[in-house]
2 protein chains.
Amino acid sequence: MDLLKGTLDVLILRTLSDSPSHGYAVARAIREQSAETLIVEEGALYPALRRLEKRGLLKASWGRTDTGREAKFYALTAPGKKQLKQAMSDWDRYVEAMGLVLRGPQA
Amino acid sequence: MDLLKGTLDVLILRTLSDSPSHGYAVARAIREQSAETLIVEEGALYPALRRLEKRGLLKASWGRTDTGREAKFYALTAPGKKQLKQAMSDWDRYVEAMGLVLRGPQA
DNA sequence: TTGTATACCTAAAATTCTTATGCATAAATC
DNA sequence: GATTTATGCATAAGAATTTTAGGTATACAA
């Protein structure tokens, strides 16, 4: 399914909140955890990671994967953790508001 | 709150599924029903209505409001009803997938 | 050796939104 | 009476984020 524009950041932040990881693995985790529903294209992934790093929400460093490959690892910073909390709250509020319109106050 | 890009269409279709209405009233209904959370700017509203009409999901016609003002009324077409059903289903699936990533399988 | 998976990146195009602006009428307020 | 607010339509410029498509390189499996 196509990503809704604006939802990728929180997916990345949440995925990295478990443990630092590299881009390719983040995309795979999102795909797998969403039961193949949320497909993160690489053309969206890498620019998003750089945006988040530029905003100070992630810290990048080169390292090696389990299989010994070079990869750029990203870790949540303190502001990143704070932003994740906020973004998850925003998402919940958005879902609730959509529900009010789509299903009415009772649902 | 800013709209997530891609969620406006289903909001419009759902609002018009109650009864035909005009653009300004659709935006107001979305704002009110979402408890002032989803604010539809006019610069997003009118182009969206035209897009949906162009896709054959809405049918437009000029008429008069209760207060006697000229306004362009939009009604759901048969394909529009079908698309609303699909779009609501897509939204539910998206929310579920986001939940899987953000909160895990148990939640 | 050919394909598949891993791992990074970028550019062009598409989409959809916000912001800003314009026009016009009616109702409410000062 | 004049001004503001609300109603109602519309468009253009800019911003943001995505898809699509391409490139590079290594490792492993068929």
Side-chain angles (χ1 to χ4, degrees), chain A residues 1-13 15-16 20-32 36-55 57-58 60-74 87 90-91 94 98, chain B residues 1-13 15-16 20-32 36-55 57-58 60-74 87 90-91 94 98:
Chain A
M1 191 183 295
D2 286 358
L3 285 181
L4 285 176
K5 303 186 191 197
T7 56
L8 179 54
D9 287 6
V10 70
L11 290 169
I12 291 174
L13 293 174
T15 300
L16 290 174
S21 185
H22 61 279
Y24 197 84
V26 167
R28 185 173 45 205
I30 292 172
R31 179 169 51 73
E32 288 175 356
E36 313 294 319
T37 302
L38 304 177
I39 309 300
V40 181
E41 303 291 341
E42 301 192 349
L45 173 70
Y46 293 110
L49 287 169
R50 285 166 170 282
R51 280 200 304 270
L52 294 170
E53 187 192 4
K54 198 172 174 189
R55 286 170 61 193
L57 306 179
L58 301 182
S61 59
W62 286 92
R64 290 194 171 274
T65 67
D66 294 339
T67 57
R69 297 175 74 101
E70 289 276 346
K72 196 190 270 185
F73 283 76
Y74 289 93
D90 287 348
W91 170 251
Y94 203 92
M98 287 287 290
Chain B
M1 190 185 295
D2 286 358
L3 284 182
L4 283 178
K5 303 185 191 199
T7 57
L8 179 54
D9 287 6
V10 70
L11 289 168
I12 291 174
L13 293 174
T15 301
L16 290 174
S21 185
H22 60 279
Y24 197 83
V26 167
R28 184 173 46 205
I30 292 171
R31 179 169 50 74
E32 289 175 355
E36 312 293 320
T37 303
L38 304 177
I39 309 301
V40 182
E41 303 292 341
E42 300 192 348
L45 173 69
Y46 293 109
L49 287 168
R50 287 167 168 282
R51 281 199 305 268
L52 294 170
E53 187 192 5
K54 198 174 173 188
R55 286 171 60 193
L57 305 179
L58 300 182
S61 60
W62 286 93
R64 288 193 172 277
T65 67
D66 295 340
T67 56
R69 297 174 75 101
E70 289 275 345
K72 195 190 272 187
F73 284 76
Y74 290 91
D90 288 347
W91 171 251
Y94 203 92
M98 288 286 291

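In what follows, chains carry the letters A, B, and so on, assigned in the order in which the sequence lines appear, proteins first and then strands, with residues in each chain numbered from 1.
For the pair A/Arg31 CZ and C/dA5 P, the interatomic distance rounds to 10 Å; values are reported in whole Å. Residue B/Leu49 contributes atom CG, which lies 14 Å from atom P of D/dG8 at whole-angstrom precision. Rounded to whole angstrom, the span from the CZ atom of A/Arg64 across to the C1' atom of D/dA27 amounts to 12 Å. Whole-Å rounding puts the B/Leu45 CG to C/dT16 P distance at 15 Å. Taking atom CD1 on B/Ile39 and atom C1' on C/dC17, their separation rounds to 15 Å, with Å as the unit. Rounded to whole Å, the distance from CG on A/Asp2 to P on C/dA14 is 15 Å. Atom CD of A/Glu53 and atom P of C/dC8 are 13 Å apart (whole Å). One can place CG of B/Leu4 at 14 Å from C1' of C/dT18, the figure rounded to the nearest angstrom.
Under 4.0 angstrom from either OP1 or OP2 of C/dA7 there lies at least one side-chain N or O belonging to A/Thr65.
Each of C/dT25, C/dT18, D/dA10 was ranked by its minimum atom distance to the side chain of B/Tyr46; first place goes to D/dA10. Side chain of B/Arg69, nearest nucleotide from D/dT7, C/dA7, C/dC8: D/dT7. Closest to the side chain of B/Glu41, out of D/dT11, C/dT19, D/dT17, is C/dT19. In the set D/dA10, C/dC8, D/dT7, the nucleotide with an atom closest to the side chain of B/Tyr74 is D/dA10. Each of C/dC9, C/dT18, C/dT6 was ranked by its minimum atom distance to the side chain of A/Arg28; first place goes to C/dT6. Nearest to the side chain of B/Arg50, among D/dG8, D/dT19, D/dA10, sits D/dA10. Listed nucleotides C/dT10, D/dC9, C/dA7 differ in distance to A/Pro47; the shortest reach to its side chain belongs to C/dT10.
Comparing A/Glu42 and B/Asp9 by the nucleotide of DNA chain C that holds the closest heavy atom to each, the one mapping nearer the 5' end is A/Glu42.
Contact between A/Ala60 and A/Glu53 at its shortest, heavy atoms only, is CB-OE2, 3.4 Å. In terms of heavy-atom proximity, A/Thr7 sits nearest to A/Val10 at O-CG1, 3.3 Å. Heavy atoms only, all atoms of each residue included: A/Trp91 and B/Tyr94 are closest at CH2-CD2, 4.2 Å.
A distance-only check finds a donor-acceptor pair linking the side chain of B/Thr65 to the backbone of B/Arg69 [under 3.5 Å].
Using a 4.0 Å heavy-atom distance criterion, A/Ala71 is classed as a sugar-phosphate-only contact. Within the nucleic acid shown, B/Gly23 comes within 4.0 Å of sugar-phosphate atoms alone, with no base atom in reach, counting heavy atoms only. Among the heavy atoms of the strands lying under 4.0 Å from B/Gly6 are primed sugar atoms or P, OP1, OP2 only; no base atom is included.
For C/dT15, the base has a donor-acceptor partner in the side chain of A/Lys5 [N/O atoms by modelled type, under 3.5 angstrom]. Judged by atom type and distance alone, B/Glu70 does not reach the base of D/dC9 through any side-chain donor-acceptor pair under 3.5 Å.
Evaluated for a side-chain contact (heavy atoms from CB on, under 4.5 Å) with B/Leu38, the options B/Asp2, B/Leu4, B/Ile30 yield exactly one hit, B/Ile30.
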Stepwise, does the side-chain contact (heavy atoms from CB on, under 4.5 Å) test hold for A/Lys54 with A/Arg50?
CA-CA 6 Å; A/Lys54 198 172 174 189; A/Arg50 285 166 170 282; over 6 Å; no

